[in-house]
Participant: 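Submitted below is the structure of interest, expressed as structure tokens.
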Amino acid sequence: MDCTDLRGVYLEPREIVPKVFWVGVNDCVKDLFESLWPIPGGISYNAYTVIGANGAAVIDGVDEHLTYEYVGKIWRVVGDLRKIKYVVINHLEPDHHASTSKLLSLAENAQVLISPTGAKIVESLYSIPKDRIVEVRDGDTVSLGDKTLRFIHTPWLHWPETMMTYLEEDGILFSCDAFGSYGALISGIFDDEVELNYYIEEAKRYFSNIVSKYSKNVLDAINKVEKLGLKIKVLAPSHGPIYRKHVDSIVALYRDLSQPKVCAKVTIVYGSMYGRTEEIVKAVAETFEKSGVVVDLIDAARVHPSYILHLTWNSGAVIFAFPTYDASVFPPVKEVMNYFYVKQYGRGRLAAILNTFSWGSSVKEAVETLNKSGFQIVEPVIATKSQPTSEDKKKIEELVEKLVTELRKLGSCP
Ligand SMILES: Cc1cc2nc3c(=O)[nH]c(=O)nc-3n(C[C@H](O)[C@H](O)[C@H](O)COP(=O)(O)O)c2cc1C
Ligand SMILES: [Fe+2]
Ligand SMILES: [Fe+2]
């Protein structure tokens, strides 16, 4: 069974601990998350319902096209939707709250709990009546009788308004995008029910694609939660499995990803129409390999930037190698450079440039983009005619030697 087999299939809600339910959904329809990132295994939007003695709370929601499945699950666990006292918005992005207007029209007694920053942004996205919105400050709590929700502001994960919700009596942290991963939930919803290795790899790709730019905020959030001394028995993110057996491992993974330890690895991102550039980078890759540096050789025209970012997570250096195309950097390589710029994914890494051309180089454009991406560019920048002269070959050797020396200083990769 894969995600496409699950299209249109209704999955029952699941009880996480007594009176706390997963009411999320799988999205097996979208090909690209955020219209950018391939999700061949789909993605889950996890939402939760907490049923207390004095009413219920719903934590987060789902994307618009799955609203009915989500509302149906909530109805199944609370019975009367008018028993819902609160709908918590941890993060406003439409993958979590495009469903909320519909829920609020049915859950007519519910108030929306949101961070003050979220309250300022909410009307840019959704039409929620102002008198239903209640701002919660950092550390505030609300009681459902025998269940208490505490709100922890964790801004910029990856929007300015983000917060987490902690259910005190059960030790559940609803962390929204933090600790999330791509991949629909097929064999179960818990870390001990699914093929965890798949989701861990997809968590790494998700991190590099979605939250890496805000790594410092991820670290701040983890440190804040740890400082508060909250006991986390269950870590319930909004994408991917719910952790009850491996809470410490997923927290440690996110901590590692947010302060990547780059090692002696070079990623060569190249494009080549007629094979000249490819011939050069293949020879360069061999030299690196002989020097004990790990090499990833990636054809930018055939591998999606989502995976290129992911594969680069521990690379100490990235070489961008490209022909000039209509006076510009070859478009697929330029596209990857742009992703590195938007995500600021060059930080803490070296970059090198290798341009082949017939009548005019395009290195200026490459230098400009890579400088803005946080990379430190290693000289010499190479601009060579399709057939490198012996002078060009010497320069390439010089560049590779320099990179090997720098990469060896980082230590070998685990
Ligand atoms: C469609 C097309 C456009 C090109 N535009 C330029 C250009 O603007 N300036 C230039 O110097 N060379 C240009 N070239 C030549 C290539 O940049 C050059 O031959 C390069 O080394 C080809 O590398 P490859 O064999 O890896 O594709 C162009 C080639 C093609 C096919
Ligand atoms: Fe998000
Ligand atoms: Fe999300």
Side-chain angles (χ1 to χ4, degrees), residues 24-27 30 32-37 39 42-47 59-64 66 89-100 118 121 125 154-164 174-184 202-203 206-207 209-214 217-218 221 236-240 268-284 297 299-302 320-334 354-366 382-389 392 396:
V25 299
N26 281 322
D27 189 341
K30 270 197 185 154
L32 297 174
F33 181 65
E34 293 180 350
S35 269
L36 280 178
W37 314 107
I39 40 171
I43 191 164
S44 73
Y45 310 124
N46 301 331
I59 295 162
D60 292 320
V62 304
D63 205 350
E64 193 162 19
L66 295 157
I89 296 184
N90 277 325
H91 170 34
L92 277 164
E93 194 172 352
D95 57 332
H96 306 295
H97 286 284
S99 56
T100 295
I121 305 172
L125 286 155
T154 50
W156 286 107
L157 298 181
H158 54 127
W159 280 22
E161 86 298 6
T162 43
M163 63 176 194
M164 297 184 189
F174 302 100
S175 59
C176 206
D177 280 348
F179 312 111
S181 88
Y182 297 130
E202 284 295 73
Y206 174 87
F207 185 94
N209 295 177
I210 311 293
V211 272
S212 62
K213 184 170 183 174
Y214 307 97
N217 307 84
V218 175
S238 290
H239 303 289
I268 305 177
V269 179
Y270 77 97
S272 185
M273 296 174 282
Y274 293 104
R276 300 298 170 92
T277 315
E278 187 170 47
E279 197 182 315
I280 297 171
V281 291
K282 279 191 169 159
V284 164
L297 190 58
D299 180 347
R302 294 183 173 78
F320 294 89
F322 51 90
T324 300
Y325 183 94
D326 290 351
S328 283
V329 171
F330 185 57
V333 177
K334 180 66 202 249
L354 200 165
N355 169 221
T356 73
F357 64 95
S358 293
W359 60 91
S361 107
S362 48
V363 292
K364 188 167 170 276
E365 185 188 344
I382 309 288
T384 163
K385 296 266 177 71
S386 299
Q387 304 199 67
T389 60
D392 293 329
I396 294 173

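Counting starts at 1 for both ligands and their atoms, following the listed order. Residue numbers count from 1 along this sequence. Computed from heavy atoms alone, side chains included, the values below leave out hydrogens, waters and symmetry copies.
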Participant: A side-chain contact here means heavy atoms from C-beta on lying under 4.5 Å apart; do His96 and Cys176 qualify?
Facilitator: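 Yes - at least one pair of side-chain heavy atoms lies under 4.5 Å apart.
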Participant: Would you mind reporting whether Leu32 and Trp37 have side-chain heavy atoms less than 4.5 Å apart?
Facilitator: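 Heavy-atom side-chain distance check fails, nothing below 4.5 Å.
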Participant: Fit a plane to each ring of Trp159 and His91, take the angle between them on a 0 to 90° scale, and name the class: parallel (under 30°), tilted (30 to 60°) or perpendicular (over 60°).
Facilitator: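 Trp159 and His91: perpendicular rings.
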Participant: Heavy atoms, side chains only, cut-off 4.5 Å: are Arg276 and Pro323 in contact?
Facilitator: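 No, their side chains stay 4.5 Å or more apart.
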Participant: So which heavy atom on Ala383 is nearest to which on Asp392, and how close?
Facilitator: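 Minimum heavy-atom contact is O-OD1, 4.2 Å.
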Participant: What closest approach, in Å, do Gly240 and Ser44 show between heavy atoms, and which atom pair accounts for it?
Facilitator: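 Nearest pair, atom of Gly240 first, then Ser44: N-OG, 2.9 Å.
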Participant: For the residue pair Phe33 and Tyr45, does the interplanar ring angle fall in the parallel (under 30°), tilted (30 to 60°) or perpendicular (over 60°) class?
Facilitator: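 Plane angle between 30° and 60°, so tilted.
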Participant: Supply the atom-to-atom distance Ser386 OG to Ile280 CD1, rounded to the nearest 0.5 angstrom.
Facilitator: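 With rounding to 0.5 Å, OG (Ser386) is 8.0 Å from CD1 (Ile280).
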Participant: Taking the Fe ion (ligand 2) as the centre, count the protein N/O/S atoms lying under 2.8 Å from it.
Facilitator: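 N, O or S atoms of the protein closer than 2.8 Å: 4.
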Participant: Which protein residues have a heavy atom closer than 4.0 Å to any atom of ligand 1, listed by chain and number?
Facilitator: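 Ligand 1 is contacted, at a heavy-atom distance under 4.0 Å, by Ser272, Met273, Tyr274, Gly275, Arg276, Thr277, Pro323, Thr324, Tyr325, Asp326, Ala327, Thr356, Phe357, Ser358, Trp359, Gly360, Ser386.
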Participant: Check whether the side chains of Asp177 and Tyr206 place a donor and an acceptor atom closer than 3.5 Å, and report yes or no.
Facilitator: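 A donor-acceptor contact under 3.5 Å links the two side chains.
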